[in-house]
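Step one of this worksheet: look at the structure below.
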Amino acid sequence: MSNNGAVREGVPGDVLPDPIPAAMPMIGAEERAAVDRVLASGMLVQGREVAVFEQEFSALVDDRPCVAVNAGTSALHLGLLAAGVGPGDEVIVPSFTFAATANSVALTGATPVFADIEPDHFCLAPAAVEAAVTARTVGIMPVHLYGHPADLTALTRLADRYGLALFEDACQAHLARWAGRPVGAFGTFGAFSFYPTKNMTTGEGGMVVCADEDLARTVRLLRNQGMERRYENELVGFNARMTDVAAAIGRVQLARIEGWTKQRRANAAYLDAQLAGVAGLVTPRVAGDAEHVYHQYTVRLPDRDGVQARLAQAGVGTGVYYPIPNHRLRSFAEASGRDLDLPETERASREVISLPVHPGLSDRDLAQVVAEVTGAVSG
Ligand SMILES: *Cc1c(COP(=O)(O)O)cnc(C)c1O
């Protein structure tokens with residue numbers, strides 16, 4: 001178990017065995033020491049730690065310029081604004097994702113246009129994207145859902161054919177690769193999140209990976225009230241800065257993410273092998289060009305809700321990502337303006353359940369997950 005001194009929280013009572021959490025931030029002594037060092041320095045916001053964190057992250061994404069911000073949502077929003085997306089534009093997004101994807105499009109004044117997913121990896125289906133292209137479409141924003149890359153070969157080809165930009169929501173996909181190249185480095189920009197449940201964390205935080213230095217400069221301006229030189233504001237911007245405390249945590253996490261990713265893959269391989277024979281359960285599929293990082297280990301089950309309830313009773317934490325597709329959320333149902341028929345999105349929202357796969361799991365935890373899932377599925 002490589003749990004790095006992490007602690008489990010919220011263990012109720014002393015009768016039941018400790019529940020196995022669905023996700024767990026890996027925070028250890030080095031992160032605490034890094035925070036102490038920053039606090040002692042008195043330099044708390046967007047100083048040296050942030051600059052070095054950006055450089056170190058850049059090494060993971062083909063040396064593209066990186067701009068650290070205060071959340072993954074800000075990374076998406078500022079990336080879109082810097083790319084010139086705004087009112088009158090349409091950006092094609094999946095409906096089967098966290099609401100931040102479509103929110104970031106809507107916050108620019110553009111319209112998120114929801115397209116269906118393919119059933120094997122839960123990512124945007126290229127044919128559905130092509131069918132959604134209109135004269136107003138300016139971009140395609142795939143989500144590398146659960147840590148599995150969307151089909152970047154087909155989506156890049158579509159973007160080229162129709163003269164569209166590609167924006168990547170890589171918030172769940174640190175270190176994932178497609179055809180040997182890192183995700184987040186294919187599009188005009190890629191956005192990463194460092195929320196505590198993600199594969200690495202800074203508490204709150206995000207990173208914009210930019211295709212070129214011009215875009216990076218605009219994102220930097222938008223991040224800090226439109227200022228490069230103090231009080232010489234060039235455009236109307238936000239305060240979306242990352243703190244040095246967060247960046248210092250991120251730098252320690254960056255040194256560990258490769259090991260954690262290996263552990264996630266090993267845990268997934270174990271679950272694949274042990275759950276292969278469970279009737280009705282569909283284990284995750286991996287595309288030939290994909291290097292999956294298992295942000296989530298997501299299976300399909302016919303009686304998903306029943307199984308989830310039984311697993312909760314047995315002390316196995318699970319998650320459903322996502323029970324309501326975006327196009328049916330109150331925030332988008334009206335604005336999307338048409339009766340969308342997204343059958344694979346609907347089916348996935350009924351069938352998916354994510355099992356614990358994080359690097360804080362012991363061998364015993366994993367065996368218990370398998371035993372309880374096997375039992376819960378057979379009722
Ligand atoms: C987490 C997440 C985001 C938003 O990131 P925050 O850091 O929480 O703002 C966006 N898109 C997807 C797919 C995510 O999982």
Side-chain angles (χ1 to χ4, degrees), residues 23 25-26 46 49-83 93-94 97-101 103-105 123 141-150 152 166-178 181-211 215-216 219-220 222-223 240-243 246-258 260-261 264 290-296 321 358:
M26 308 288 283
Q46 207 178 290
E49 292 291 333
V50 169
V52 177
F53 182 44
E54 289 173 341
Q55 280 166 18
E56 289 172 350
F57 198 89
S58 175
L60 300 180
V61 282
D62 280 352
D63 297 316
R64 286 196 168 196
C66 289
V67 185
V69 290
N70 61 349
T73 306
S74 302
L76 290 164
H77 185 203
L78 270 51
L80 288 165
L81 288 172
V93 296
T97 176
F98 184 49
T101 311
N103 280 349
S104 65
V105 174
C123 294
M141 188 147 78
V143 178
H144 307 309
L145 199 71
Y146 308 143
H148 187 292
L152 287 164
L166 188 70
F167 311 124
E168 297 179 72
D169 182 340
C171 285
Q172 303 186 356
H174 318 68
L175 262 49
R177 297 171 85 85
W178 179 264
R181 284 177 51 205
V183 306
F186 282 73
T188 300
F189 73 84
F192 289 84
S193 165
F194 307 120
Y195 184 73
T197 56
K198 305 294 159 93
N199 288 21
M200 61 173 284
T201 187
T202 62
E204 295 275 12
M207 192 70 80
V208 193
V209 176
C210 302
L215 189 82
V219 175
R220 277 185 215 112
L222 289 168
R223 167 177 72 174
R241 296 183 298 261
M242 177 177 272
T243 67
I249 297 172
R251 291 184 60 202
V252 176
Q253 299 258 309
L254 263 190
R256 305 225 154 113
I257 178 109
E258 228 176 273
W260 288 333
T261 302
R264 283 178 183 274
E291 291 171 49
H292 196 337
V293 294
Y294 295 99
H295 170 60
Q296 299 293 347
Y321 313 105
H358 56 80

Notebook entry, point to check: Hey, mind stepping through Leu175 and Glu258 against side-chain contact (heavy atoms from CB on, under 4.5 Å) and telling me if it holds?
Noted result: CA-CA 8 Å; Leu175 262 49; Glu258 228 176 273; 4.1 Å; yes

Notebook entry, point to check: Stepwise, does the side-chain contact (heavy atoms from CB on, under 4.5 Å) test hold for Tyr294 with Asn199?
Noted result: CA-CA 9 Å; Tyr294 295 99; Asn199 288 21; over 6 Å; no

Checklist line | Verdict with reasoning, Leu152 to Leu166, per side-chain contact (heavy atoms from CB on, under 4.5 Å) | finding: CA-CA 9 Å; Leu152 287 164; Leu166 188 70; 4.0 Å; yes

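Put simply, the side chain of Val105 reaches to within 4.5 Å of the side chain of Leu80, judged on heavy atoms.
Checked against the 6.0 Å centroid criterion, the rings of Phe98 and Tyr195 do not qualify as a close aromatic pair.
Once rounded to the nearest 0.5 Å, the distance linking CE of Met207 with OG1 of Thr202 reads 8.5 Å. If you take CG on Leu222 and CG on Leu78, they are separated by 5.0 Å, rounding to the nearest 0.5 Å. In this structure, CD1 on Ile257 lies 8.5 Å from CG on Leu60, to the nearest 0.5 angstrom. How far CH2 of Trp260 is from CE of Met200: 7.5 Å, rounded to the nearest 0.5 Å. A distance of 12.0 Å separates NE2 of His295 from OG1 of Thr261, quoted to the nearest 0.5 Å. In this structure, the separation between CD on Glu168 and CE on Met141 is 11.0 Å, given to the nearest 0.5 Å.
Salt-bridge annotation for Glu54 and Arg223: present, with a side-chain N of the basic residue lying under 4.0 Å from a carboxylate O of the acidic one.
The closest donor-acceptor contact from the side chain of Gln296 to the backbone of Tyr146 lies at 3.5 Å or more, if one exists at all. The main-chain N or O of Pro182 is never found under 3.5 Å from a side-chain atom of Glu291 such that the two would form a donor-acceptor pair. No side-chain donor-acceptor contact under 3.5 Å links Arg64 to the backbone of Val209. No side-chain donor-acceptor contact under 3.5 Å links Tyr321 to the backbone of Leu145.
The heavy-atom pair separating Pro196 from Gly203 by the smallest distance is CD-O, 2.8 Å. The two residues Pro25 and Thr201 make their nearest non-hydrogen contact at CB-CG2, 4.5 Å. Counting all heavy atoms, side chain and backbone alike, Arg264 lies closest to Val293 at CD-O, 3.4 Å. Considering all non-hydrogen atoms of both residues, Ser58 and Cys66 come closest at CA-SG, 3.6 Å. Val67 approaches Cys210 most closely through the heavy-atom pair CG2-SG, 4.4 Å. Val219 and Gly79 get closest at one heavy-atom pair: CG2-CA, 4.5 Å.
Within the structure, side chain to side chain donor-acceptor pair (under 3.5 Å) contacts touching residues 66-75 (residues at least two apart or in different chains) are Asn70-Ser74. Evaluation of the side chain to side chain donor-acceptor pair (under 3.5 Å) test over residues 169-178, restricted to residues two or more places apart or in two chains, returns Thr101-Asp169, Thr153-Trp178, Gln172-Tyr322.
The aromatic rings of Phe194 and Phe53 sit tilted, their planes meeting at an angle between 30° and 60°.
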